[in-house]
Amino acid sequence: MNLPEKFTEKMRGLLQEEYEAFLESYEQGRNFGLRVNTAKISVEEFQKIAPFHLRPIPWVKNGFYYEEQDRPARHPFYYAGLYYLQEPSAMTPASRLEVKHGDKVLDLCAAPGGKATELGAKLEGDGLLVANDISASRARALLKNIEVFGIDNVFLINEVPSKISEQFEEFFDKILVDAPCSGEGMFRKDPDVAKVWSEEKPLECARQQKEIIMQAAKMLAPGGKLLYSTCTFSPEENEGVIQYLLDQREDFSLEEIEGYEGFSCGRPDWISGGCEQLKKCVRIWPHKMAGEGHFMALLKKAGTPGEQSTPKRKKMLLAKEEKKVLEEFFRDVSKPFDFNQIEIRKEQVYQVTKLLGERRGIPFLRNGLYLGEMKKGRFEPSQSLAMALKKEEYDSVLDFHFDDARVEKYLRGETIETEDVESKRKKGWQLVCVDGYPLGWGKLVNGVLKNKYHSGWRMK
């Protein structure tokens, strides 16, 4: 492929004797990867049911290579949220940020959702995920991916980091900053990125990255961990940004990252004033691993994590009739819902997140799980509620095998015949599943399923 001349000159100077091997990697085909949603299915079970040519990605426990002809984006399991399609190296940052139950986690530059969905899956419905993207259009794409994955404990926002830090000072246990960058590591995957690269772009990006990481530092709680990553080779955007943070904040230090034989260490010698700590950073090179270029640094903030009480929130009161309608529907749902956490805004019903408290002045796309809509005295469940359920958590289910032609018809929004499919009820709401994993809702009338699949998600 054609690489920018100034880029190849820079890389030759950095890599020296490794440069030819690096250059040859661009003549090889790109790698295709998917990451299993372990909040819905175990890796072992996925391997049993997935009809793809899978090879484990050795440094990511729930990651797999697949062959281009597999076309997993067209498979019903994709629509069921069983996996996310992601470049193999890009899976690494979220895999190296240890998230445990009850953590408050921030993904500061989250769209389109590859890393946020993994962080949310690790929480398994406990704790809090705050996912942000500065672009409104990208944030909407992020919301869809989070809903497909069934993540219900999310606060999804669309704001600049400086505004967020005003509301969340020293709040988060874990923060991931996958910073916007010059994209040098993605030239093979997306040649269009190479076409818009310029010699000035790394320095321009570095200025923005320094501002972002300093705001993230303000939001990290004492004893918390921050993982910074980029998909570029530029030292200015990588070691240079980390050294800047270390110079500005004496309460931050670098931590070792769980290793892999193909990882390379950081290069303090590539920047002015680089300290030895920078060797703890990780570089992923396309000539050393079956993936694109990436950089990671794991930082810890000094101090002891404190016991933070759950923020007090104004008690939500539902109108008597509203509560009656919701209780009638949720009698058929075994997944626990706290009616004290349910609020109704303009007929739309939400279960809001518990750990957030009152946050004023931050525009958000979602606070918690969108449950559905009140319509003329009745409740219509949402697509996001279906994706947050397990098959056994709803009273009446229609379950199809993935190669049943009716599955694709359902995903296209068509009405389907269901007389031969076993279900507990012969009318009313049905949770439509593929091989035991929810896809969405339908309403059964005389053996015919009226399709309630989200119109914006339909298979084209």
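The figures here come from the full heavy-atom set of this structure, side chains too, leaving out hydrogens, waters and symmetry mates. Quick note: residue numbers are just sequence positions, from 1.
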query: Should Arg283 and Glu239 count as an ion pair when the cut-off is N to O under 4.0 Å?
result: yes
field: Flag if over 12 foreign heavy atoms under 6.0 Å of CD, Glu392
entry: yes
query: Counting only heavy atoms not in Glu98, do more than 12 fall under 6.0 Å of its CD?
result: no
query: Per the salt bridge (charged side-chain N to carboxylate O under 4.0 Å, His left out) rule, which among Lys201, Lys10, Lys189 passes with Glu184?
result: Lys10
field: Gln383 side chain to Leu439 backbone, donor-acceptor under 3.5 Å
entry: yes
task: For Met91 and Ser95, run side-chain contact (heavy atoms from CB on, under 4.5 Å): C-alpha distance rounded to whole Å, both residues' side-chain angles, the deciding distance at 0.1 Å, then the answer.
output: CA-CA 7 Å; Met91 298 179 192; Ser95 78; 5.9 Å; no
task: Walk me through it: do Leu142 and Leu365 pass the test side-chain contact (heavy atoms from CB on, under 4.5 Å)?
output: CA-CA 10 Å; Leu142 168 65; Leu365 281 75; over 6 Å; no
- request: Hey, can you tell me if Tyr260 and Trp59 have their rings parallel, tilted or perpendicular (30° and 60° cut-offs)?
  value: tilted
message: Between Asp178 and Ser229, is there a side-chain donor-acceptor contact under 3.5 Å, judged purely by atom types and distance?
response: yes
task: Please answer whether the main-chain N or O of Cys109 pairs with a side-chain N or O of Asn132 as donor and acceptor at a distance below 3.5 Å.
output: no
query: So, Glu87 side chain and Ser89 main chain: donor-acceptor pair closer than 3.5 Å or not?
result: yes
field: Donor-acceptor contact below 3.5 Å, side chain Asn37 vs main chain Tyr83
entry: no
field: Asn2, CG: over 12 other non-hydrogen atoms inside 6.0 angstrom
entry: no
message: Any donor-acceptor pair under 3.5 Å linking the side-chain atoms of Gln208 with those of Glu204?
response: no
task: To the nearest 0.5 Å, tell me how far Lys300 NZ sits from Glu256 CD.
output: 13.5 Å
- line: In this structure, CG of Leu106 is separated from CG of Asp173 (nearest 0.5 Å) by 11.0 Å
- request: Please check if the side chain of Arg366 supplies one atom and the backbone of Val154 the other of a donor-acceptor pair under 3.5 Å.
  value: no
query: Counting only N and O atoms by type, is there a donor-acceptor contact under 3.5 Å from the side chain of Lys40 to the main-chain atoms of Met387?
result: yes
message: Determine whether a donor-acceptor pair (N or O, by modelled atom type, separation under 3.5 Å) exists between the side chain of Asp247 and the backbone of Tyr244.
response: no
message: Rounded at 0.5 Å granularity, tell me how far CD1 in Ile242 sits from CG in Leu254.
response: 6.5 Å
message: Can you tell me if Glu328 has over 12 outside heavy atoms packed within less than 6.0 Å of its CD?
response: no
- request: Give me the ring orientation class for Tyr26 and Phe7: parallel if the planes are under 30° apart, tilted from 30 to 60°, perpendicular past 60°.
  value: perpendicular
- prompt: Stepwise, does the side-chain contact (heavy atoms from CB on, under 4.5 Å) test hold for Phe52 with Phe64?
  reply: CA-CA 10 Å; Phe52 310 134; Phe64 291 90; over 6 Å; no
- request: For the residue pair Ser182 and Glu237, confirm or rule out a side-chain donor-acceptor distance under 3.5 Å.
  value: yes
field: Parallel, tilted or perpendicular: rings of Trp285 and Phe233 (30°, 60°)
entry: parallel
- prompt: If you measure from the Lys or Arg side-chain nitrogens to the Asp or Glu carboxylate oxygens, is any gap between Glu276 and Lys279 under 4.0 Å?
  reply: yes
- prompt: With under 30° as parallel and over 60° as perpendicular, where do the rings of Phe155 and Phe168 fit, or are they tilted in between?
  reply: tilted
query: Is the Phe330 ring parallel, tilted or perpendicular to the Phe379 ring (thresholds 30°, 60°)?
result: tilted
- line: Result for side-chain contact (heavy atoms from CB on, under 4.5 Å) between Leu227 and one of Ile175, Leu97, Val177 points to Leu97
Test item: Arg35 side-chain N/O and Lys61 main-chain N/O as donor-acceptor pair under 3.5 Å: no
query: Side chains of Lys320 and Lys323: closer than 4.5 Å at any heavy-atom pair?
result: no
message: Does the structure place the NZ or CZ of Arg74 under 6.0 Å from the centre of the six-membered ring of Tyr78, at an angle of no more than 45° from the ring's axis?
response: no
- prompt: When you measure from the side chain of Ser384 to the backbone N and O of Tyr370, does any donor-acceptor pair fall under 3.5 Å?
  reply: yes
- request: Flag the pair Met296 / Ile257 as yes when at least one side-chain heavy-atom distance between them is below 4.5 Å, and no otherwise.
  value: yes
message: Checking the side chain of Asn62 only, and the main-chain atoms of Val36 only, is there a donor and an acceptor separated by less than 3.5 Å?
response: yes
Parallel, tilted or perpendicular: ring planes of Phe77 versus Tyr437, cut at 30 and 60 degrees: perpendicular
